[in-house]
Amino acid sequence: MSEPLQYRSTRGARHAARIEDVIAAGLAPDGGLYVPEALPQLDASDFDPEGSLADTATTLLDPFFRGSSLARELPAICREALDFDVPLRPLAYRDDASVLELFHGPSAAFKDVGARFLAACFRRLRRDAEAPLTILVATSGDTGAAVAAAFHRQPGVRVVILYPDGRVSPRQAHQLGCFGDNVQALRVAGTFDDCQRMVKAALNDAELQQRVPLSSANSISLGRLLPQMSYYAHASLAWWRDHRVPLNFIVPTGNLGNALACVWVRDMGLPVGEIHLACNANATLSDYFDGSPYSPRPAIATLANAMDVGAPSNFERLRWTFPHDHELRLQLHATSVDDDTIRETIVRHARDHGEVFCPHTATAAHLLDSMSVTGLPWAIVSTAHPAKFDSVVEPLIGRQLDVPPALQAMLNRPAHAEPMAASEAALKTWLQQHQKSIDTVTG
Ligand SMILES: *Cc1c(COP(=O)(O)O)cnc(C)c1O
């Protein structure tokens with residue numbers, strides 16, 4: 001048996017870490033992002049052609065977990081996390097293209113995959129822990145709902161979600177506030193950046209951590225990134241078996257977590273062809289891949305709000321893998337799509353093809369539209385169900401959308417969020433007071 005894979009921080013290669021610690025910690029102690037020392041190499045013939053998505057995930061992730069305390073339970077973790085469909089559906093209007101639908105999980109966005117995998121790992125890593133763990137999440141919408149759904153009613157864990165009051169869609173706000181039990185939503189009188197600052201301050205507060213054990217579930221956690229590779233592997237392997245050519249992907253992109261998973265699957269030797277990033281008006285990545293120096297900037301608000309990122313955190317992981325610009329620019333293409341084009345794409349596809357896309361997926365659909373038929377097979381990645389963004393989509397297409405049952409169940413429950421000032425001190429006080437009530441209950 002080979003040695004366990006080691007993990008390093010993108011900011012300093014001195015300390016090696018084990019996968020259990022990497023997943024529990026989220027961020028590396030030096031503020032960097034964890035990366036595997038080397039990507040394992042696999043071949044199409046390593047995978048069971050009849051296998052489910054969870055089976056593909058188990059084969060793919062096994063080398064990342066080998067030798068760890070989670071290794072034996074990896075098949076069960078994959079089965080628990082990936083228990084919904086991720087279909088690759090042909091697009092009727094174009095015979096060189098399909099859509100990879102990632103939105104059939106409980107919160108109707110692809111972030112369910114990472115959040116559910118992380119929850120399944122924490123369930124095992126925290127089995128013998130004495131104090132309950134509080135998971136803090138700052139969210140501009142989709143992350144909070146996915147993490148809340150994944151950890152709801154999980155013993156030994158409490159989730160506290162911070163979101164900017166009035167800056168998420170009414171339906172997103174309802175999703176965040178509807179869980180109750182061990183999930184608490186705080187609506188912060190400020191911006192998403194304020195929420196992130198408050199969470200970071202709490203996580204870095206040693207005195208607070210003594211009394212309130214804290215962790216985070218943000219999108220830079222490797223425990224969310226690794227399982228996202230599964231659907232790219234599963235779809236591209238199925239395509240390869242049927243057609244003997246690699247499948248090419250167009251990925252709606254914000255923080256680059258979803259797209260990086262696709263890049264890693266290709267680097268592991270699996271049959272993925274070109275990868276195009278579809279960005280909204282936040283043009284940091286498209287400028288860079290067009291040849292400008294990398295220049296992160298403040299985010300601007302767009303219709304595809306889950307991609308409103310001006311400083312994509314996972315760029316640091318790409319840079320670590322490809323330190324030279326000319327090498328990195330060979331890996332990916334990126335295009336920025338403005339709000340008018342998003343609107344026009346949603347309207348036209350609904351009218352001409354009967355395809356209703358969420359604003360994020362519409363950026364990818366636009367990139368596909370702008371490519372002529374080349375003989376290459378393309379998959380556009382659909383990151384959320386359009387009904388999640390009803391306030392954008394319904395007025396454009398002039399009708400109401402059917403709501404998936406899991407989302408409807410959330411909307412039927414009452415929702416509650418506590419107001420909070422945009423201040424680190426307010427969050428600290430709140431966490432301490434609530435810890436007291438937990439300690440009283442659990443004795
Ligand atoms: C989070 C999100 C994205 C962006 O994904 P990244 O991994 O941040 O690039 C795109 N679409 C939807 C619907 C999302 O929730």
Side-chain angles (χ1 to χ4, degrees), residues 33 99-115 117-118 137-150 163 168-169 171-172 175-176 192 196 217-229 231-232 249-265 275-286 296 299 302-318 332 334-337 342 346 356-367 380-390 392-393 404 407:
L33 279 62
V99 53
L100 182 63
E101 294 183 346
L102 306 184
F103 55 70
H104 296 283
S107 79
F110 85 91
K111 294 195 174 72
D112 283 323
V113 171
F117 190 89
L118 201 60
V137 197
T139 185
S140 53
D142 285 347
T143 292
V147 170
Y163 70 90
V168 305
S169 79
R171 202 164 262 185
Q172 280 178 317
Q175 263 192 311
L176 296 171
F192 172 62
Q196 263 193 320
N218 55 24
S219 63
I220 52 187
S221 166
L222 208 58
R224 283 179 54 179
L225 193 55
L226 293 178
Q228 287 169 190
M229 295 195 295
Y231 42 77
Y232 290 113
F249 290 94
I250 307 175
V251 187
T253 295
N255 244 334
L256 254 172
N258 196 7
L260 183 63
C262 190
V263 173
W264 281 3
V265 165
I275 304 170
H276 285 232
L277 311 179
C279 305
N280 60 21
N282 290 279
T284 306
L285 291 169
S286 51
T302 75
L303 292 175
N305 68 2
M307 292 159 36
D308 290 349
V309 178
S313 6
N314 281 298
F315 191 79
E316 195 167 321
R317 284 194 169 109
L318 265 185
L332 296 161
T335 305
S336 162
V337 180
I342 290 176
I346 293 173
V356 182
F357 295 127
C358 87
H360 312 81
T361 308
T363 63
H366 168 73
L367 256 65
I380 61 170
V381 175
S382 183
T383 48
H385 191 286
K388 232 186 145 163
F389 299 91
D390 57 317
V392 175
V393 176
L407 181 54

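Whatever order the structure lists them in is the order used to number ligands and atoms, beginning at 1. Residues take their numbers from the sequence shown, with the count starting at 1. Because the structure is predicted, anything quoted here is derived from the model rather than measured.
- Checking side-chain atoms of Ser336 against main-chain N and O of Ala283 turns up no donor-acceptor pair under 3.5 Å.
- When all heavy atoms of Asp142 and Ala306 are compared, the pair lying nearest together is OD2-CB, 3.8 Å.
- When all heavy atoms of Pro252 and Thr363 are compared, the closest pair comes out as CB-OG1, 3.9 Å.
- The nearest pair of heavy atoms linking Thr284 to Pro296 is CG2-CA, 3.9 Å.
- Phe110 is linked by a ring pair (Phe, Tyr, Trp, His ring centres under 6.0 Å) to nothing, counting only residues two or more places apart in sequence or in another chain.
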Can you list every pair where an N/O of ligand 1 is under 3.5 Å from an N/O on the protein?
from: ligand 1; atom 1: 7 (O); to: Gly257; atom 2: N; distance (Å): 3.1
from: ligand 1; atom 1: 7 (O); to: Asn258; atom 2: N; distance (Å): 2.9
from: ligand 1; atom 1: 8 (O); to: Asn255; atom 2: N; distance (Å): 2.8
from: ligand 1; atom 1: 9 (O); to: Gly254; atom 2: N; distance (Å): 2.8
from: ligand 1; atom 1: 9 (O); to: Asn255; atom 2: N; distance (Å): 3.2
from: ligand 1; atom 1: 9 (O); to: Leu256; atom 2: N; distance (Å): 2.9
from: ligand 1; atom 1: 11 (N); to: Thr383; atom 2: OG1; distance (Å): 2.8
from: ligand 1; atom 1: 15 (O); to: Lys111; atom 2: NZ; distance (Å): 2.5
from: ligand 1; atom 1: 15 (O); to: Asp142; atom 2: OD2; distance (Å): 2.5

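- Interatomic distance, Phe389 CZ to Asn305 CG, rounded to the nearest 0.5 Å: 5.5 Å.
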